[in-house]
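One structure below.
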Amino acid sequence: MTSFLKPENALKRAEELINVGQKQDALQTLHDLITSKRYRAWQKTLERIMFKYVELCVDMRKGRFAKDGLIQYRIICQQVNVSSLEEVIKHFMHLSTEKAEQARSQAQALEEALDVDDLEADKRPEDLMLSYVSGEKGKDRSDRELVTPWFKFLWETYRTVLEILRNNSKLEALYAMTAHRAFQFCKQYKRTTEFRRLCEIIRNHLANLNKYRDQRDRPDLSAPESLQLYLDTRVEQLKIATELELWQEAFRSVEDIHGLMCLVKKTPKPSLMVVYYVKLTEIFWISSSHLYHAYAWFRLFLLQKSFNKNLSQKDLQLIASSVVLAALSVPPHDRTHGASHLELEHEKERNLRMANLIGFNLESKPESREMLSRSSLLAELFILASIASLLYCIGYIDDVFWKLSGLWASKGVMSCVTQEVKDVYHLLEHEFHPSDLALKALPLITKISKLGGKLSTASSVPEVQLSQYVPSLERLATMRLLQQVSNVYQTIKIETLSGMIPFFDFSVVEKIAVDAVKQKFVSMKVDHMKNVVIFSKTSLESDGLRDHLANFAEQLNKARQMIYPPDRKPSKLGALLPTLTEVVAKEHKRLLARKSIIEKRKEEQERQLLEMEREEESKRLRLQKITEEAEQRRLATEYEQRKNQRILREIEEREIEEAQALLQEAEKRIKKKGKKPIIEGDKMTKQTLMELTLTEQLRERQEMEKKLQKLAKTMDYLERAKREEAAPLIEAAYQQRLVEERLLHEREQQQEVELSKQRHEGDLKEKERLARMIGNKEIYQVRVVSHRQAEFNRLRREREERISRILQSRKQEREKMRKLKYYLKLEEERQQKLREEEEARKREEAERRKKEEAERLAKLAEIAEKQRQRERELEEKERQRKEALLGRAVEPAPPARQSEPVTAPAAAAPNPGKYVPKFMRDRAERTGTAPPPETDRWGNSSSRPDGDRWRGDDRRSSYVSGGGSRSSSSWSRNPR
């Protein structure tokens with residue numbers, strides 16, 4: 001095992017080994033690094049190492065190495081950065097799937113390549129013998145060798161990932177995704193054996209999860225997100241099991257889902273429950289459990305009608321019809337009749353178990369002999385209809401009856417079924433037609449067989465086919481006819497009975513009758529010698545006949561009352577009947593209002609509970625996040641400290657070890673030569689030992705070179721002498737070998753000629769013996785060739801027909817696509833034209849606005865220019881006025897101011913703080929007057945701007961007068 005100071009060094013070493021083709025050594029290097037206890041703190045480099053590690057494992061199909069590495073990496077990053085483990089596992093599954101797909105794409109016969117019963121089983125001995133003995137090198141064997149190993153590795157990848165993630169609460173979503181991908185793998189390639197193992201693995205994971213509840217990172221099934229993930233996984237498992245027709249595994253999946261629901265005491269989403277009941281109906285129908293099948297359909301109908309508000313009337317009608325037909329498909333006789341006590345207890349336990357799976361609570365009647373039965377199901381379906389009929393029979397008026405029936409119809413099943421199903425139900429359950437019951441049921445059953453099909457996307461039920469109930473309805477009609485005939489007839493001919501039943505031959509009818517007699521449903525026997533059927537009930541006091549006569553008398557009484565209606569006396573009931581409708585309507589409205597209030601309260605309560613759960617979950621997540629961040633900071637600090645201490649300690653240990661190793665080598669060399677050590681061991685340093693070692697190695701190298709030169713010269717002399725002595729001996733041996741080989745060749749050639757003559761004579765005799773079978777061989781050859789030619793012609797015709805059908809369908813599809821593309825092109829052109837028109841309109845609008853904006857700006861610019869022109873004119877006038885005032889200021893003062901000391905030479909003196917150009921000074925000297933002061937940019941003669949000019953035009957007069965006085969005073973003060 002190689003030790004590396006840094007993980008980056010191991011990664012570089014592995015890449016170097018891969019470049020030279022040593023992938024096994026590279027894999028072993030990375031495996032030693034990952035499994036080492038030296039690198040237990042997570043860092044980004046380890047993630048890159050794991051990516052390279054899983055790539056090597058996939059390339060070399062090393063599943064065991066991949067599992068060990070992933071387990072060690074899970075230990076490293078479980079508490080620090082679990083998302084890194086998730087990325088590595090996703091990369092691992094992606095690579096495995098990609099390699100398997102590449103192998104599958106390279107194989108041209110996937111069905112033959114995957115024809116293996118068990119992916120985990122090794123090759124059988126007979127397969128190995130056949131591969132060595134047989135010379136077959138065909139495509140099947142190459143596909144098997146190419147594709148099957150990669151699919152084995154992909155299956156092992158799924159198992160490894162599920163085993164690593166089975167008790168990790170932070171990677172529940174990845175666990176569910178891996179399980180779904182494994183299910184899809186089994187579904188796509190029809191891997192039934194692997195699917196059973198996968199279901200057992202997931203089932204064991206859940207069992208261990210419930211068994212060991214004190215684990216640190218175990219998932220919490222009470223959390224809604226975790227429960228939903230586990231339920232989604234089990235529902236997907238149930239779907240794949242039914243698609244693969246693994247009905248036993250599907251039933252176990254149903255039990256798993258029911259166990260999860262019982263474990264957390266929460267009802268899943270209605271969409272999941274719909275899938276649950278749909279698959280239950282399929283399982284019970286395949287297992288011929290018609291009673292449980294009917295109950296599952298009933299629960300599915302209630303669920304769809306309660307929660308699916310977008311369900312269309314047609315879909316609801318098909319589902320309700322399936323409920324009624326499933327109930328009618330249950331055999332009408334009691335199969336537990338005459339059973340032992342043990343069998344009855346077993347049946348009761350089975351009924352209780354199935355009732356829990358279906359969702360019926362039967363704990364209120366544990367002493368009942370029959371918990372789930374056909375009669376109880378029909379009573380639940382049609383109890384309100386019976387009550388309405390009873391009200392009608394005791395004298396209620398028609399409109400009240402119909403309103404009550406309408407009230408019932410809004411909630412019951414019979415209001416949603418088709419008319420054919422209603423007629424079949426009344427015909428087979430309530431009407432008495434012993435002679436033509438089956439003939440009346442035949443057209444109705446024929447119509448029912450044509451109903452069904454795929455439902456809309458609003459329904460979670462994919463498809464409903466009522467034709468599957470046709471055999472059960474025909475069997476029920478046959479049994480009802482036998483029952484009614486037994487109440488009327490004592491003896492009947494077989495031909496007459498066969499004519500009454502158009503569904504089956506009499507042999508099938510006889511089997512049905514045997515089953516009915518066995519279950520004590522009818523009492524009859526068939527006399528084939530007399531060609532008659534004999535019914536055992538001959539007494540006129542039998543229950544069936546007595547009921548029939550009572551019904552007949554009741555119908556006659558109704559007919560007499562309709563012909564001669566009796567005078568009805570007013571009664572209190574008649575007085576109450578007019579207001580009964582209003583009472584019923586008010587009561588109905590009150591119940592609806594109460595129901596809506598209850599539903600709103602339930603919704604409000606559920607919303608409050610959901611908000612509380614969300615708040616608790618958010619608090620828990622915040623605390624968990626704070627704890628994890630503190631833990632990460634602490635671990636990072638400890639990791640840095642340990643890292644620095646470890647580096648210092650390793651450097652010291654390495655220097656000590658190197659010094660000791662050099663000292664030992666030096667002592668060994670000195671002892672071999674018999675010399676005394678120059679320096680004692682405890683006084684030697686690493687530098688001294690290295691210098692001593694280098695000096696010794698240089699001296700030994702020189703001595704060795706001298707010895708090698710001397711030895712080479714000696715070997716050269718010896719080799720030359722040996723070759724000179726061996727040359728004549730080699731030539732003599734060569735000549736002797738030539739003579740011996742020539743004699744041997746002549747002798748072998750003579751033997752080969754004799755053997756050829758003997759073989760030729762034997763072949764002639766064999767030809768004469770086999771010549772009499774040529775005729776039979778030609779006859780057999782002609783027969784085989786003609787048979788193969790006929791088979792070839794048949795296959796060619798079938799292929800041509802199939803190709804013609806495919807071409808026709810493709811032609812129709814191309815025509816359809818061409819029309820669709822043409823329509824889409826027209827639509828796109830129309831849309832493009834509309835867009836262009838809209839863009840043109842927008843451009844015109846923008847140009848118009850731009851033009852208006854330009855005109856507005858031009859007007860504003862013109863107004864501004866006029867304003868500036870007026871201001872310039874005002875400024876010019878002001879400047880001229882100032883110049884005029886300044887010109888008058890330099891003239892002699894008026895007589896009123898003779899007292900002020902103003903002199904003419906002083907007036908000509910310039911302002912000492914103002915610059916006067918030279919030409920103006922010369923001109924002033926010539927004229928004897930003072931030059932005017934230079935006008936600055938503000939139009940003022942002073943050396944600084946006057947801010948009063950900017951305060952408005954209304955103060956200009958005061959500004960000018962004030963400025964003028966100040967200017968004159970300043971000029972008068974200039975001489976001083």
Side-chain angles (χ1 to χ4, degrees), residues 83 87 90 94 173 177 225 228 269-271 307-316 454-460 462 596 599-600 603-604 606-608 610-611 614-615 617-618 621-622 625 809-881 935-940 945-957 959-960:
S83 60
E87 294 297 328
K90 286 182 179 179
H94 173 71
M177 185 195 74
E225 294 81 4
Q228 188 63 35
K269 295 180 180 179
S271 58
F307 293 98
N308 197 345
K309 304 301 182 183
N310 298 325
L311 192 65
S312 63
Q313 185 63 28
K314 182 180 178 182
D315 297 344
L316 187 62
K454 293 184 178 180
L455 303 185
S456 62
T457 55
S459 174
S460 300
S596 64
E599 289 179 354
K600 289 180 180 178
E603 292 176 357
E604 182 66 23
E606 291 176 357
R607 186 183 61 79
Q608 292 177 359
L610 185 59
E611 290 180 355
R614 287 177 180 174
E615 290 177 358
E617 183 67 18
S618 62
L621 291 176
R622 285 197 298 270
K625 185 177 180 180
S809 64
R810 289 181 179 176
K811 183 178 180 181
Q812 295 175 358
E813 186 68 23
R814 286 197 301 273
E815 186 67 24
K816 188 186 298 182
M817 291 300 295
R818 192 178 298 113
K819 292 180 180 180
L820 181 60
K821 287 180 180 178
Y822 177 71
Y823 171 75
L824 292 176
K825 183 178 179 182
L826 292 179
E827 183 66 19
E828 186 177 356
E829 290 177 356
R830 187 179 67 83
Q831 295 291 338
Q832 183 66 22
K833 186 176 181 181
L834 292 176
R835 286 194 297 270
E836 291 177 356
E837 293 177 355
E838 182 66 20
E839 290 176 358
R841 186 184 63 80
K842 290 181 178 179
R843 284 197 299 272
E844 292 176 358
E845 183 69 21
E847 290 176 358
R848 184 180 61 80
R849 291 179 180 176
K850 187 175 181 181
K851 186 176 181 181
E852 292 177 356
E853 184 67 19
E855 292 177 356
R856 189 179 65 84
L857 293 176
K859 289 180 180 180
L860 292 176
E862 184 178 357
I863 294 170
E865 183 64 26
K866 291 180 179 180
Q867 183 69 23
R868 286 194 296 272
Q869 184 67 25
R870 285 196 300 269
E871 290 178 355
R872 284 195 296 271
E873 292 176 356
L874 293 174
E875 290 176 357
E876 183 65 23
K877 290 179 181 180
E878 191 71 26
R879 187 179 62 79
Q880 292 176 1
R881 185 180 301 169
T935 305
D936 56 7
R937 58 183 296 184
W938 292 281
N940 195 357
D946 194 349
D948 293 341
R949 181 173 174 269
W950 304 99
R951 296 180 184 176
D953 295 337
D954 54 345
R955 300 176 63 186
R956 285 181 180 174
S957 59
Y959 165 76
V960 171

* Arg879 and Glu875: salt bridge (charged side-chain N to carboxylate O under 4.0 Å, His left out), yes or no, with the steps? -> CA-CA 6 Å; Arg879 187 179 62 79; Glu875 290 176 357; over 6 Å; no

Rounded to the nearest 0.5 angstrom, the CG-CE distance for Leu824 and Met817 is 8.5 Å

CE of Met177 to NZ of Lys90, rounded to nearest 0.5 Å, is 5.5 Å

Practice prompt. Give a yes or no on whether a salt bridge exists between Arg872 and Glu865, defined as a side-chain N under 4.0 angstrom from a carboxylate O.
Written response: yes

Across all chains, not counting sequence neighbours, the side chain to side chain contact (heavy atoms under 4.5 Å, CB included) partners of Glu847 are none

To the nearest 0.5 Å, atom CD of Glu603 lies from atom CG of Leu610 at 12.5 Å

With sequence neighbours left out, the residues meeting side chain to side chain donor-acceptor pair (under 3.5 Å) with Lys877 are none

Contacts of Arg814 meeting salt bridge (Lys or Arg N to Asp or Glu O under 4.0 Å) (sequence neighbours excluded), chain-then-number -> none

Sorted by chain and residue number, the side chain to side chain contact (heavy atoms under 4.5 Å, CB included) partners of Glu827 (sequence neighbours excluded) come out as Tyr823, Arg830, Gln831

Requested in this report: Flag the pair Glu855 and Lys859 as a salt bridge only when some basic side-chain nitrogen lies within less than 4.0 angstrom of an acidic carboxylate oxygen.
Outcome: no

How about Arg843 and Glu839: do any of their side-chain heavy atoms sit closer than 4.5 Å? yes

- prompt: Side chains of Arg835 and Glu838: does their closest heavy-atom pair fall under 4.5 Å?
  reply: no

* Asked: Taking the side chain as C-beta and beyond, is there a heavy-atom pair between Arg607 and Glu611 under 4.5 Å?
  -> yes

Leu826 meets the side chain to side chain contact (heavy atoms under 4.5 Å, CB included) criterion, sequence neighbours left out, with Tyr822, Glu829

The side chain to side chain contact (heavy atoms under 4.5 Å, CB included) partners of Arg622 (sequence neighbours excluded) come to Ser618, Lys619

Within 6.0 angstrom of Arg810 CZ, more than 12 heavy atoms from elsewhere: no

Open item on the list: Check Glu862 with Lys866, please: is the shortest side-chain N to carboxylate O separation under 4.0 Å?
Closed with: yes

Apply side-chain contact (heavy atoms from CB on, under 4.5 Å) to the pair Glu853 and Arg856, showing each step before the final yes or no.
-> CA-CA 5 Å; Glu853 184 67 19; Arg856 189 179 65 84; 2.4 Å; yes

Given the options Glu871, Glu876, Gln869, Glu873 meets side-chain contact (heavy atoms from CB on, under 4.5 Å) only with Gln869

